[in-house]
Amino acid sequence: MPVARPETSDARVIAHVDMDCFYVQVEQRKQPELRGLPTAVVQYNEWQGGALIAVSYEARSCGVKRSMRGEEAKAACPEIQLVQVPVARGKADLNTYRSAGSEVVSILAQSGKCERASIDEVYLDLTDAAESMLADAPPESLESIDEEALKSHILGMSREDGDDFKESVRDWICRKDADRRDKLLGCGIIIVAELRKQVLKETEFSCSAGIAHNKARSYLFCMFLFPFIASIMLAKLASGMNKPAQQTVVPYSAVQELLSSLPIKKMKQLGGKLGTSLQTDLGIDTVGDLLQFSETKLQEHYGINTGTWLWNIARGISGEEVQGRLLPKSHGSGKTFPGPRALRSLSNVQHWLNQLSEELYERLSSDLEQNKRIASTLTLHASAFISKDSDSHKKFPSKSCPLRYGVTKIQEDAFNLFQAALREYMGPFGTKPQGNKKETWRITGLSVSASKIVDIPSGTSSIMRYFQGQSTIPSSSTSGCPQEHVAVTPSVSESCSEQKSVETRASIPEEDITITYTSPDLDNSYRDSDIVLEKFPCQDASCQSNEAKEFPTQSGTQTKTIGRKINNSKEKNRGMPSIVDIFKNYNASPQARQETQEDSTVSLTSNRGNLSSSTSHNSEVNQEVEDRRDTNWGYKVGEIDQSVFDELPYEIQREFRSFLRPNKRPNAGKSKSGDGSASSSIAHYFQPLKR
DNA sequence: ACGGCTGTAACT
DNA sequence: TAGTTACAG
């Protein structure tokens, strides 16, 4: 039954933390003598001094900009220090930055729901922490306010004299007659200042932050309605307003004005074509300009979903929440081969795919080791053109297949995927570069990525005991591979002159882990069967066979290898659960835990010191939040009938629509679809809370 | 024919 | 689902 949410749930406190010129800071920590000097991180030094990917603030003040070449930077700022990004396997290696980012996340994750937005950005939902603080130790009760907090920028607050400035910040934070939302924001200021200091102390990295809140607009049905002020966007906006090493707050009272004059392209998601279209097609230059357009009008131009979304963000409304996700959902390794460096032979492509696959596998291995997660899909992307003009700009298709753990497996599969895609790409041309025709392919970019990463049930499960390196199911020699004749035959390998390094990889032993399940009856549901993961050293010749095999399990009961085949369309659902299915089932049962703060219990390890930390203690707190939300829902949204909806006051109906965007309604082009598309139930308007 | 390398999400 | 496209840092 609908119950008004307690007041404490109305306003939330969201922070966006953004590391200052992060790669530069990482390099400066490694080489402290660079601190304070104009510095830039550059990759691929050979051509025009390489490309800048991060620029220190000292260098920026000399006019150095990202996406200058190294030589330009030298010209603009002769004393600039250029540091090269590490190179491994012939390509840029961002791992040091990744793990430096993890150091930061592991600190920030301790104070609330935390989302790793990118390698150097984090969102925090500090609502709980702010509420506790307000209840237990409100700012006005404190003897002194942190200096760092007093340096905050508060939008809408005049800051005239430098002297009185901190005083007025203090007053704002401690104001007794403040709105509850502002009080919470005041707590947020103090918490974020503290966090930033902690990050600095423990990692030596400085960062900037934006703090904003949201507010439930509907008090009536707020138990299932959360029309939020777009705090995530606002927090992000704010974090960029004062850099480096500063924090900015957006009180509710400042939102309107901030948005009204905000250039439309500064809004997240509007920095690209959509933003341009708003400008040129509708003459919209600021977010404020958007207000003049009706929802219907926007839907006519941009489709039902985007139109509604635009209408909402113009009013500061967004359903976005901080996701409790600390780990990436995919890993990828790629490289471009621009212009004259484009790859023109299969063996060269194979060489690079081998390099990329190695790196990918290395990262998959540490993900497995550190986070007990496995990826289940391997995808190959490439970009290409065809020499001698013709149809030069055709898209090179992406291809994916089940991911088999093991370097050589990934290398093999990646190469097979490539060849399958190449055939498709070339079509009538044929794939032979040696052919008489001059039309032949050139590869300008390659990447391999791993996705659909799922947790391995840890704890009581014995699975991890068997896990050391990799798992795989030998692929079928015939039907499985997209390019049968080429798939695993030694001749292809030998024909590649550049791939020697593959076999010299040392650190991770090449073994197979085969996932098997024991079941007396193969047609039974596998859910209840005993899942066993076994490893088979690859030295065993049987592993190198191309045929799916059966292995005995420890228990000796009948087992079946879970065979997965590349591009296998027909056999997929023939009683053979994929590893993903198994783990998904396993994970789903106790609690839907996939996107919850539970993720934070993984250890984030860094390459520097022992900063790996577990935040399980506070996952309970957050779990509580999740539970409250879930149980507050109280009933299945699908059970809400349209008639109930129709009886609501129009304003409320509108709020329903505006927040619960008519999601997943088929985007019938850009035409204004008839209306609710004959949805018989209000459920149509709901999206599950967590996607 | 240069911005390189990642990563997420929505759409179809 | 698999593949494409947009967006962002």
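So that the names make sense, note that chain A is the first sequence line, chain B the second, and so on, each numbered from 1. Note: hydrogens, waters and symmetry copies are ignored here, and every other heavy atom, side chains too, is used.
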Tell me whether the OP1 or OP2 atom of [N] has a side-chain N or O from [X] closer than 4.0 Å.
X: A/S400; N: C/dG3; answer: yes
X: A/K452; N: C/dA2; answer: yes
X: A/R325; N: B/dT8; answer: yes
X: A/K236; N: C/dA8; answer: no
X: A/Y44; N: B/dC5; answer: yes
X: A/T336; N: B/dC5; answer: yes
X: A/S118; N: B/dG7; answer: no
X: A/K91; N: B/dT6; answer: yes
X: A/K329; N: B/dT8; answer: no
X: A/R98; N: B/dG7; answer: yes
X: A/K399; N: C/dG3; answer: yes
X: A/N305; N: B/dC11; answer: yes

Atom CE of A/M267 and atom CG of A/L234: how far apart are they, to the nearest 0.5 Å?
6.0 Å
Between [N] ([atom2]) and [X] ([atom1]): distance, integer Å:
X: A/I453; N: B/dA9; atom1: CD1; atom2: P; value: 12 Å
X: A/I304; N: B/dT12; atom1: CD1; atom2: C1'; value: 17 Å
X: A/L278; N: C/dA6; atom1: CG; atom2: C1'; value: 14 Å
X: A/W309; N: B/dA10; atom1: CH2; atom2: P; value: 11 Å
X: A/Q48; N: B/dC2; atom1: CD; atom2: C1'; value: 9 Å
X: A/D120; N: C/dA8; atom1: CG; atom2: C1'; value: 11 Å
X: A/N95; N: B/dG4; atom1: CG; atom2: C1'; value: 16 Å
X: A/R442; N: B/dC2; atom1: CZ; atom2: C1'; value: 18 Å

Choose from [options] the nucleotide whose nearest atom is closest to any side-chain atom of [X].
X: A/S398; options: C/dT5, B/dG3, C/dT4; result: C/dT4
X: A/Q269; options: C/dC7, B/dG3, B/dG7; result: C/dC7
X: A/L94; options: C/dT4, B/dC5, B/dG4; result: B/dC5

If you count heavy atoms of other groups shown closer than 6.0 angstrom to CZ of A/R66, is the number above 12?
no
Any base atoms under 4.0 Å from [X], or only sugar-phosphate, or nothing? Heavy atoms, all strands.
X: A/S449; answer: nothing
X: A/R69; answer: base
X: A/L52; answer: base
X: A/D18; answer: nothing

Which whole number of Å gives the distance between the C1' atom of C/dA8 and that of B/dG3?
14 Å
Please say which of A/K268, A/K236, A/R116 ends up in a salt bridge (charged side-chain N to carboxylate O under 4.0 Å, His left out) with A/E121.
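Only one option passes, and that is A/K236.
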Judged by each residue's nearest nucleotide on DNA chain C, which is more toward the 5′ side, A/Y23 or A/H381?
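In this pair, the answer is A/H381.
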Do A/F396 and A/F418 make the cut of ring centroids closer than 6.0 angstrom?
yes
Any side-chain donor paired with an acceptor under 3.5 Å for A/K265 and A/T276?
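Yes, A/T276 and A/K265 have a side-chain donor paired with an acceptor closer than 3.5 Å.
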The residue, A/P340 or A/P328, whose nearest nucleotide of DNA chain B is more 5′ is A/P340
Taking the nucleotide of DNA chain B with the nearest heavy atom to each, does A/F337 or A/R341 sit closer to the 5' end?
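Per heavy-atom nearest nucleotide, the more 5' residue is A/R341.
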Lys/Arg-Asp/Glu bridge criterion (N-O < 4.0 Å) met for A/R29, A/E103
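A/E103 and A/R29: salt-bridged.
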Taking A/Q25 for the side chain and A/S206 for the main chain, is one N or O donor matched with an acceptor at less than 3.5 Å?
yes
